[in-house]
2 protein chains.
Amino acid sequence: MSLEHAILGFLSSQPLSGYDLKKIFDTSVSHFWPADQSQIYRTLGRLVDNGWAEMEVVNQSDRPDRKVYGPTPAGRTELLRWLEAELPLAPTRSPEMIQVFFASRLADDQVLAMFERVAAQMRSGLAAYDAIPQDITAYENYTHSPREFYFWMLTLEIGKMQLRANLDWIENMIQRIRDGEVPQS
Amino acid sequence: MSLEHAILGFLSSQPLSGYDLKKIFDTSVSHFWPADQSQIYRTLGRLVDNGWAEMEVVNQSDRPDRKVYGPTPAGRTELLRWLEAELPLAPTRSPEMIQVFFASRLADDQVLAMFERVAAQMRSGLAAYDAIPQDITAYENYTHSPREFYFWMLTLEIGKMQLRANLDWIENMIQRIRDGEVPQS
DNA sequence: GCTTCTTATAGGACACATCCTATATATTAC
DNA sequence: GTAATATATAGGATGTGTCCTATAAGAAGC
């Protein structure tokens, strides 16, 4: 399971609590693997059950106690195994593509509105990517080596490139509709 | 829910059974919305419960009886509403990106192997797209107008373009690793 | 004659993810 | 003073999708 291994990946750099992990997920991998807080805690429990992680309670006087997790040797081995494993390619589910598929039921101006709506979503997505700092100093709490940081930035790069490609395609489609290239019946 | 509306979309062209729908899904939208047989039957039941579809039993002498479904007026209205609706952008989950994110744990030759493995998967994916006939005569049982067919082919086009873009990016990455551009520590 | 395939429908069990809520304490804002 | 926010963990209910199995009968292969 991917979430298990993503968590193992983070734990392999430093010991972390569920609360820490939620913050880290939201600031790093959420664009290709969002994680629910509740699910993170449950998955941490499962990692311990599997023997892949161990937990230590850290007492705090002014705040609730933390449960800090770290990988066991078996967990580190499992992470490396998974990183090299061939993944059964995950089906991409895109409700927007269903809208495109059945767009023939709509009139051209409605189709145009649909594409422009999606294009606007994508443009704001691109803007969100551009707002992410690309400078290693902004991530000093989370990343521990230039190599780690390099692959992190790669995932941003590919995410941006995919969005860019889709947006280009949609803008091209909008032009095609305006040019009357779409059959009417 | 997307599957409900995809089924409604197909029913809006012609009355269909669950068995028909499974075959149609597998030959048309499965690359962006795969559907389990069991789930199709359950969803058809829900469509009837919602008042969006109605069912008619068609007796057959030599084979099991068919339950053929068609949209109600409310179902047609709902389909059009949904086609124009703004969708809460679905989170893209990509386990491969998790592998990239934590690739710093591997040595360069292992990272290279990982990327080449993914590239090979993508090339066979592209080949699969190319094997799909782009000719309307191949789909006469499923598609009913040039306009319908046009949007169908668009979904293939964008699927192919996305794969192509990802493959280009990965091939570029492979070169970067070979050129020693990736930090070692 | 036996097995397998095709047509046809459907439920049980399970996995994974999301949403909402509960609990507890300290700080900060108005 | 009161409300909201931050730190910290976790369970219940629900939604969505997958896997496996059951049922039933004719057709096709060996």
Side-chain angles (χ1 to χ4, degrees), chain A residues 1-7 15-27 29-50 53 55-69 82 87-95 98 141, chain B residues 1-7 15-27 29-50 53 55-69 82 87-95 98 141:
Chain A
M1 214 204 80
S2 299
L3 183 61
E4 283 176 0
H5 293 93
I7 290 178
L16 294 164
S17 69
Y19 193 80
D20 296 334
L21 278 163
K22 174 58 178 161
K23 280 195 289 183
I24 290 177
F25 265 79
D26 288 347
T27 53
V29 297
S30 64
H31 60 112
F32 54 84
W33 206 276
D36 188 75
Q37 173 260 102
S38 174
Q39 208 192 347
I40 287 174
Y41 283 105
R42 271 189 261 248
T43 306
L44 280 170
R46 205 162 55 237
L47 285 179
V48 174
D49 292 345
N50 289 351
M55 187 264 286
E56 198 194 342
V57 177
V58 177
N59 292 301
Q60 299 191 122
S61 53
D62 53 343
R63 290 174 192 173
D65 295 348
R66 309 174 78 232
K67 293 187 175 178
V68 175
Y69 295 81
W82 184 83
L87 302 179
L89 47 88
T92 44
R93 289 181 184 279
S94 168
I98 301 180
N141 294 327
Chain B
M1 210 204 83
S2 299
L3 183 60
E4 283 177 0
H5 294 93
I7 290 178
L16 295 164
S17 68
Y19 193 81
D20 296 333
L21 278 163
K22 174 59 178 161
K23 278 195 290 185
I24 290 178
F25 266 79
D26 288 348
T27 53
V29 297
S30 65
H31 59 111
F32 55 84
W33 206 276
D36 188 75
Q37 173 260 104
S38 174
Q39 208 192 349
I40 287 174
Y41 283 104
R42 272 188 260 247
T43 304
L44 280 170
R46 205 163 55 234
L47 285 179
V48 174
D49 292 345
N50 289 351
M55 187 264 285
E56 198 194 341
V57 177
V58 176
N59 291 302
Q60 299 191 124
S61 54
D62 53 344
R63 291 174 190 171
D65 295 348
R66 309 174 76 231
K67 292 189 175 177
V68 175
Y69 294 81
W82 183 83
L87 302 179
L89 46 89
T92 43
R93 289 181 183 279
S94 167
I98 301 180
N141 294 327

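Chain letters run A, B, ... following the sequence lines, proteins first, then strands; residues in each count from 1. Here the structure is a predicted model, which is why all the values come from computation and not from measurement.
Looking at every heavy atom in both residues, B/Thr92 comes nearest to A/His31 through OG1-O, 3.4 Å.
Atoms CG and OG, on B/Leu44 and B/Ser17 in that order, are 8.5 Å from each other to the nearest 0.5 Å. Taken from CG in A/Leu21 to CG in A/Asp26, the straight-line distance is 10.5 Å, to the nearest 0.5 Å.
Atom CG in A/Asp20 sits roughly 7 Å away from atom P in D/dT9 (whole-Å rounding). The separation between B/Asp26 atom CG and C/dA8 atom P is 15 Å, rounded to whole Å. Atom-to-atom, NZ of A/Lys67 to C1' of D/dT7 comes out at 15 Å; the value is rounded to the nearest Å. Between the CD1 atom of B/Ile40 and the P atom of D/dC19 there is a distance of 14 Å, rounded to whole Å. A straight line from NZ of B/Lys23 to C1' of C/dA8 spans 10 Å, rounded to a whole angstrom. A straight line from CG of B/Leu16 to C1' of C/dT7 spans 15 Å, rounded to a whole angstrom. A straight line from CG of A/Asp65 to C1' of C/dA24 spans 11 Å, rounded to a whole angstrom. Atom pair A/Leu21:CG and D/dT7:P shows a separation of 15 Å (rounding to whole Å applied).
In this structure B/Glu56 satisfies the side chain to side chain contact (heavy atoms under 4.5 Å, CB included) test with no other residue, sequence neighbours excluded.
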Worked verdict on A/Val48 versus A/Tyr69 for side chain to side chain contact (heavy atoms under 4.5 Å, CB included): CA-CA 9 Å; A/Val48 174; A/Tyr69 295 81; 3.7 Å; yes
Evaluation steps, side chain to side chain contact (heavy atoms under 4.5 Å, CB included), between A/Trp82 and B/Ile98: CA-CA 10 Å; A/Trp82 184 83; B/Ile98 301 180; 3.7 Å; yes
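Considering only the side chain of B/Tyr41, C/dA10 comes nearest among C/dA10, C/dA17, C/dG12. Picking from D/dG11, D/dT9, C/dA13 the nucleotide with the shortest atom distance to the side chain of A/Arg66 gives D/dT9. Candidate nucleotides D/dA8, C/dG12, C/dA26 were compared by shortest atom distance to the side chain of A/Tyr19, and D/dA8 ranks first.
A close approach under 4.0 Å does not occur between any side-chain nitrogen or oxygen of A/Arg63 and OP1 or OP2 of C/dA26. Dashed line: the shortest gap from a side-chain N or O of B/Arg93 to OP1 or OP2 of D/dT16 is not under 4.0 Å. Distances shown here put every side-chain N or O of B/Lys22 at or beyond 4.0 Å from the OP1 or OP2 atom of C/dA8. Put simply, B/Gln39 has no side-chain N or O that comes within less than 4.0 Å of OP1 or OP2 on D/dT16. Contact between the side-chain N/O atoms of B/Gln60 and the OP1/OP2 oxygens of C/dA8 is found at a separation under 4.0 Å.
The nearest heavy atom of DNA chain D to B/Met1 and to B/Pro64 marks one nucleotide each, and the one closer to the 5' end goes with B/Met1.
Of the possible polar contacts, none joining the A/Arg66 side chain to the A/Gln60 backbone as a donor-acceptor pair under 3.5 Å is found. In this structure, the side chain of A/Lys22 engages the main chain of A/Ala35 through a donor-acceptor pair within 3.5 Å. Side chain of B/Lys67 to backbone of B/Leu16: no donor-acceptor contact under 3.5 angstrom is found.
Comparing the helix axis at one end of the helix from C/dG1-D/dC30 to C/dC30-D/dG1 with that at the other, each defined from 5 consecutive pairs, gives an inter-axis angle of 20° (nearest 10°).
Residue contacts shown for B/Arg46 are absent, as no nucleic acid heavy atom lies under 4.0 Å away.
Under 3.5 Å, the side chain of B/Arg42 and the base of C/dG12 form at least one donor-acceptor pair of N or O atoms.
Using a 4.5 Å heavy-atom cutoff, the side chains of A/Trp33 and A/Ser2 are in contact.
For the segment residues 29-38 of chain B, the set of residues with a heavy atom within less than 4.0 Å of an atom of DNA chain D comprises B/Trp33, B/Asp36, B/Ser38, in numerical order.
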